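Taking it in order: structure first as structure tokens, then the write-up.
Order of the sequence lines sets the chain letters (A, B, ...), proteins ahead of strands, with each chain counted from 1. Predicted model only: the values in this text are computed from it and were never measured.
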Amino acid sequence: MTTLARKFNDTDPNVRFLEEVSERTAGVSRLEMCIQCGTCGGSCPSAADMDHTPRMLFALIRAGMREEALSSNTPWICVSCYHCVVRCPQDVHIADVMYTLKSMAIQAKLYKDSTAPDFSQTFVDMVETYGRSYEFGLATRHYLKHFPLRMPSMAPMGLGMLSKKRMDITPKRIEGIEQLKAILARAKQLEVVS
Amino acid sequence: MNKYLFYPGCSMDTSARAYNESLMAIRDVLEIDLAEINDWNCCGATEYLGINLIPAYALIARNLALATKQANGTRTVVASCSACYLNLAKADHYMGEREALNVHVNDALAAGGLSYKPGSLEIRHLLDVIINDIGLDFVRSKVVKPLKGLRVAPYLGCMVPRPDYKKRWSDHEHPNELDRLLKALGAEVIDFPLKTHCCGGHMTQISPSTAFELIRRLLQSADQYRADVMVTVCPMCQMNLDAYQRETNQHFHTNYQIPILFFTQLMGVAFGKEPKELGFGRELVKANQAMSRIGVETPTEEPKVQPRRKKPTGLPMPTMPGEAVEEE
Ligand code: SF4
Ligand code: SF4
Ligand code: SF4
Ligand code: SF4
């Protein structure tokens with residue numbers, strides 16, 4: 001009896017998935033060090049709303065299950081509270097891995113609900129245009145698109161914030177906006193090569 | 001006079017105006033010199049990090065680069081917003097931890113004629129500076145009106161004590177710094193079990209019911225401990241707990257009325273400053289009843305201003321509920 005020679009492709013993106021996630025995370029992610037202890041899920045205030053606990057999600061990543069991992073709602077439900085991060089026995093940069101997964105899901109268009117990606121994108125568009133965030137414009141554009149029915153219930157708050165001068169009607173722009181744009185344009189090119 | 005470079009963040013002159021006003025009012029008492037970083041930009045909050053890595057860090061690092069150029073005799077950057085503080089600290093920390101990130105971010109900064117060497121600045125939250133540089137003995141010596149009888153829930157939120165790259169806090173889950181500060185002001189501080197739990201962050205915008213549940217837990221706990229007010233150290237926490245308290249109540253058919261104040265406002269009261277200098281009255285859940293309990297009269301209403309419609313500068317702006325109501 002012979003064993004059939006099976007060919008594995010070393011460049012298979014699924015085989016390389018863990019590496020890729022780790023590579024695209026800001027610091028040294030230490031995702032490879034996860035021992036699947038489950039401390040993260042047990043510490044998470046949002047676990048009940050997640051498709052997968054962080055531990056399960058990391059198991060999917062290791063198993064190369066790209067599509068399942070990138071379409072999980074878990075990174076979108078993560079509120080970056082860092083409870084899991086300070087408790088993880090392996091110092092996995094869990095919250096930062098969640099950010100990485102969001103950006104990968106956006107690029108692969110695998111997110112299931114567009115509310116969060118749209119919110120982030122609207123926010124980023126404003127920052128890229130003005131250099132400052134602009135709550136008034138942000139909330140309005142976002143609510144109209146995603147929660148039109150909440151608009152009436154938001155009215156008292158919106159009015160309160162306006163009359164108490166806690167919201168700007170017009171956005172502020174930084175002086176060095178051209179400098180900032182040049183920096184971000186270069187950063188986006190680098191994002192592609194890295 | 002302790003000198004600092006100051007990163008106010010976008011909220012300080014909008015939603016967290018009361019934080020800014022009260023901080024400016026107590027600067028002289030604390031003998032601190034806060035030099036605002038010239039032409040700082042938004043740190044991207046928790047939004048940019050989830051879109052593009054290098055641009056997100058380059059956006060943050062521009063502020064660090066500007067700060068290093070602005071010599072005013074210090075290398076300490078103070079942020080008043082927890083999310084700003086963490087973002088600035090994160091960029092400095094990860095650029096130091098991972099050379100590839102450092103190289104890319106500096107490559108991007110160079111396109112704007114800037115650079116930043118990780119480790120050249122010390123990034124700290126305002127509360128840390130008050131506790132560890134100025135010190136509680138000094139604070140205590142400045143108290144002229146102790147907050148005797150005011151029951152305060154000290155709420156830190158998540159991003160100040162965690163992940164705590166530089167190990168500055170007494171504990172990651174139950175740090176005592178804010179409690180000690182409020183006690184130094186003479187307040188009655190409850191042992192708030194949820195002091196570093198999450199307020200929902202940007203979930204109020206994305207998944208309101210998730211956020212309302214997190215907000216409800218905080219309000220309920222503070223209420224059970226019979227807190228008169230809750231104190232925050234972050235514009236976003238204050239915004240979530242104050243501005244969304246009404247909606248949270250509607251959602252759960254509850255009726256919590258817990259005023260949410262900034263710690264600097266209570267410091268100002270204890271230092272004998274006028275409440276109107278300290279941004280009182282800007283909170284949506286009014287603090288005047290709670291404060292009158294300790295004999296402090298605070299304004300309830302800001303003078304009403306008619307929002308004037310300006311030419312939209314660039315963005316196609318839909319109307320805000322407030323504006324629509326006025327037109328009708
Ligand atoms: S706590 Fe850390 S080691 Fe444990 S499962 Fe989560 S990520 Fe893995
Ligand atoms: S950082 Fe995210 S995953 Fe970790 S405990 Fe908080 S919400 Fe859960
Ligand atoms: S965290 Fe918020 S307030 Fe701070 S700079 Fe960023 S957007 Fe502005
Ligand atoms: S408590 Fe809320 S605003 Fe404050 S850091 Fe946590 S999520 Fe952000």
Residues of residues 91-105 of chain A within contact distance of chain B, non-hydrogen under 4.5 Å: H93(A), D96(A), Y99(A), K102(A), S103(A)
Per-residue contact mode, C88(A) against chain B (heavy atom under 4.5 angstrom): neither
Shortest non-hydrogen separation from A58(B) to I183(A) and the atoms involved: CB-CG2, 3.8 Å
Heavy-atom proximity to chain B below 4.5 Å, by part of E128(A): side chain
Heavy-atom proximity to chain B below 4.5 Å, by part of K181(A): neither
Ring center gap for H83(A) and H172(B) short of 6.0 angstrom: no
Electrostatic pair R173(A):D39(B) at N-O distance under 4.0 angstrom: no
Side chain R98(B), main chain S29(A), donor-acceptor under 3.5 Å: no
Chain B contacts, top residue of V85(A), V86(A), L184(A), I177(A) (heavy-atom pairs, under 4.5 Å): V86(A)
Winner by heavy-atom pair count (cut-off under 4.5 Å) against chain A, out of D242(B), L59(B), T210(B): L59(B)
Whether R162(B) side chain and C81(A) backbone form a donor-acceptor pair below 3.5 Å: yes
Non-hydrogen side-chain atoms of Q205(B) and D118(A) separated by less than 4.5 Å: no
Check: E191(A) side chain, N52(B) main-chain N or O, donor-acceptor pair, under 3.5 Å: no
Contact origin within V28(A) toward chain B - heavy atom pairs under 4.5 Å: both
Residues of residues 47-69 of chain A contacting chain B, heavy-atom criterion under 4.5 Å, by residue number: D49(A)
Portion of I174(A) that has a non-hydrogen atom of chain B nearer than 4.5 angstrom: both
